[in-house]
Amino acid sequence: MDPERVKALKWPEDKALLKGIQEDIRKEIRLIPLGKPPELLAGIDASFLDDRIVSVACLFSFPGLEQLEQSVAVRKLSFPYITGYLSFREGPAMLEALSRLSFKPELLIFDGQGIAHPRGVGLAAFMGVLTGLPSIGCAKTRLAGEYIEPGEKRGESSPLVHKGEVVGAAVRTQEKVRPVFVSPGNLIDVEGSVRMVLECSPRYRLTEPVRAADALSRKIKKELIG
DNA sequence: GCGACAG
DNA sequence: ATCTTGTCGC
């Protein structure tokens with residue numbers, strides 16, 4: 001899948017084309033167990049300012065969870081937010097930010113869905129295929145799939161089922177907090193995704209790498225203002 | 001037609 | 001996502 005293919009597409013004129021691209025990417029998704037544990041992983045997130053998107057990638061060590069590096073990409077936005085097509089809005093800037101890291105992460109974590117998507121191609125799956133890296137989607141709210149409320153203790157989870165398939169899980173990363181919706185993106189499976197998200201969120205509801213990326217993107221955004 | 005709907 | 005102060009609860 002050529003990254004250039006996701007640029008300059010418009011909504012809703014290119015809807016059929018966009019669906020075709022998602023279908024092509026979906027076919028390339030490989031849900032296999034993660035090999036050896038990653039030593040480097042990155043959290044990716046973005047914030048917005050007028051017609052610009054500020055995307056950030058924060059590189060962390062694992063399992064130590066120490067931040068090692070960060071990269072930023074600010075681009076003009078051309079694509080609107082359309083449920084189910086988030087990748088076309090945020091993906092290009094995220095690919096640019098990732099390309100600016102000097103060290104290559106062995107796992108990517110996104111604030112959004114992996115395969116727990118209407119057509120099986122959420123942001124994390126899309127990015128995982130385009131980068132060829134293992135990826136996980138850890139969303140704050142549900143997009144597709146049915147689930148039952150997981151137990152109230154940290155670490156408890158319940159399967160997220162879509163069209164008869166277990167596409168992810170509702171995971172309680174902390175006691176007394178709402179669950180997050182975890183689903184594999186590419187080159188990892190549901191079990192491994194849940195395990196990694198839990199290991200990356202020792203203190204808060206969200207993963208440390210994504211929290212760092214979220215905080216930095218907002219900081220950069222403020223600097224662009226004042 | 002009605003309801004759902006990542007960020 | 002973003003617009004936005006104080007405020008209730010752990």
Side-chain angles (χ1 to χ4, degrees), chain A residues 6 11-12 15 18-19 22 25-26 29 43-58 72-95 97 108-130 135-147 152-154 160-163 167-186 190 193 197 203-207 209-226:
Chain A
V6 307
W11 184 271
K15 183 174 182 179
L18 295 169
K19 277 194 168 185
Q22 290 188 322
I25 290 178
R26 189 184 62 70
I29 296 173
I44 299 85
D45 195 22
S47 59
F48 305 80
L49 176 57
D50 297 323
D51 62 341
R52 286 180 294 179
I53 175 173
V54 180
S55 179
V56 165
C58 288
V72 182
V74 179
R75 299 178 43 123
K76 284 283 188 179
L77 269 182
S78 53
F79 203 87
Y81 170 68
I82 303 294
T83 301
Y85 297 85
L86 179 64
S87 303
F88 297 105
R89 179 175 170 78
E90 306 189 352
M94 292 180 162
L95 286 171
L108 307 177
I109 303 179
F110 294 86
D111 187 347
Q113 316 293 341
I115 62 171
H117 172 281
R119 292 172 293 288
V121 204
L123 177 65
F126 184 99
M127 294 294 292
V129 167
L130 291 186
S135 62
I136 297 172
C138 183
K140 297 183 291 297
T141 60
R142 183 201 72 92
L143 172 61
E146 311 79 52
Y147 70 100
E152 57 186 27
K153 294 181 180 178
R154 162 177 158 73
L160 182 58
V161 182
H162 183 54
K163 295 180 179 177
V167 296
V171 183
R172 191 85 67 184
T173 54
Q174 296 298 328
E175 197 174 314
K176 299 177 181 176
V177 298
R178 287 171 297 152
V180 289
F181 299 81
V182 179
S183 60
N186 189 33
V190 173
S193 297
V197 165
R203 169 111 201 229
Y204 299 99
R205 180 185 179 225
L206 301 183
T207 263
V210 168
R211 291 185 75 246
D214 177 73
L216 180 59
S217 68
R218 297 193 198 199
K219 180 182 177 186
I220 301 291
K221 173 187 169 181
K222 287 187 178 180
E223 296 176 346
L224 288 176
I225 296 176

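Convention: sequence-line order gives letters A, B, ...; per-chain numbering from 1.
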Once you round it to whole Å, what is the distance between [atom2] of [N] and [atom1] of [X]?
X      : N     : atom1 : atom2 : answer
A:L49  : B:dG7 : CG    : C1'   : 16 Å
A:R211 : B:dG7 : CZ    : C1'   : 18 Å
A:I115 : B:dA6 : CD1   : C1'   : 15 Å
A:L123 : C:dA1 : CG    : P     : 13 Å
A:M94  : B:dA6 : CE    : C1'   : 11 Å
A:I136 : B:dA6 : CD1   : C1'   : 16 Å
A:H162 : B:dC5 : NE2   : P     : 13 Å
A:I44  : C:dA1 : CD1   : P     : 16 Å

Pairing of DNA chain C as dot-bracket, 5' to 3': ( ) intra-strand, [ ] crossing, | other strand, . unpaired, with Watson-Crick or G-U pairs under 3.5 Å? ..........
Do the side-chain N or O atoms of [X] get closer than 4.0 angstrom to the phosphate oxygens (OP1, OP2) of [N]?
X      : N     : value
A:K140 : C:dA1 : yes
A:K221 : C:dT2 : yes
A:R89  : C:dA1 : no
A:R142 : B:dA6 : no

Relative to each other, are the rings of A:F88 and A:F126 parallel, tilted or perpendicular (30° and 60° limits)? perpendicular
Below 4.5 Å, heavy atoms only, C-beta onward: do [X] and [Y] meet side chain to side chain?
X      : Y      : value
A:V210 : A:F110 : no
A:Q22  : A:R26  : no
A:I44  : A:M127 : no

For DNA chain C, the residues among residues 77-87 of chain A that have a non-hydrogen atom under 4.0 Å from it: none
Over all atoms of both residues, closest heavy-atom pair of A:A46 and A:S217: C-OG, 3.9 Å
Could you tell me the separation between the [atom1] atom of [X] and the [atom2] atom of [Y], rounded to the nearest 0.5 Å?
X      : Y      : atom1 : atom2 : answer
A:L95  : A:S87  : CG    : OG    : 9.5 Å
A:R205 : A:T173 : CZ    : OG1   : 7.0 Å
A:H117 : A:S183 : NE2   : OG    : 10.0 Å

Taking the six-membered ring of A:Y147 as reference, does the NZ or CZ atom of A:R142 fall below 6.0 Å from its centre and within a 45° cone about the axis? no
Select from A:I225 and A:K176 the residue whose nearest nucleotide in DNA chain C is closer to the 5' end of that strand. A:I225
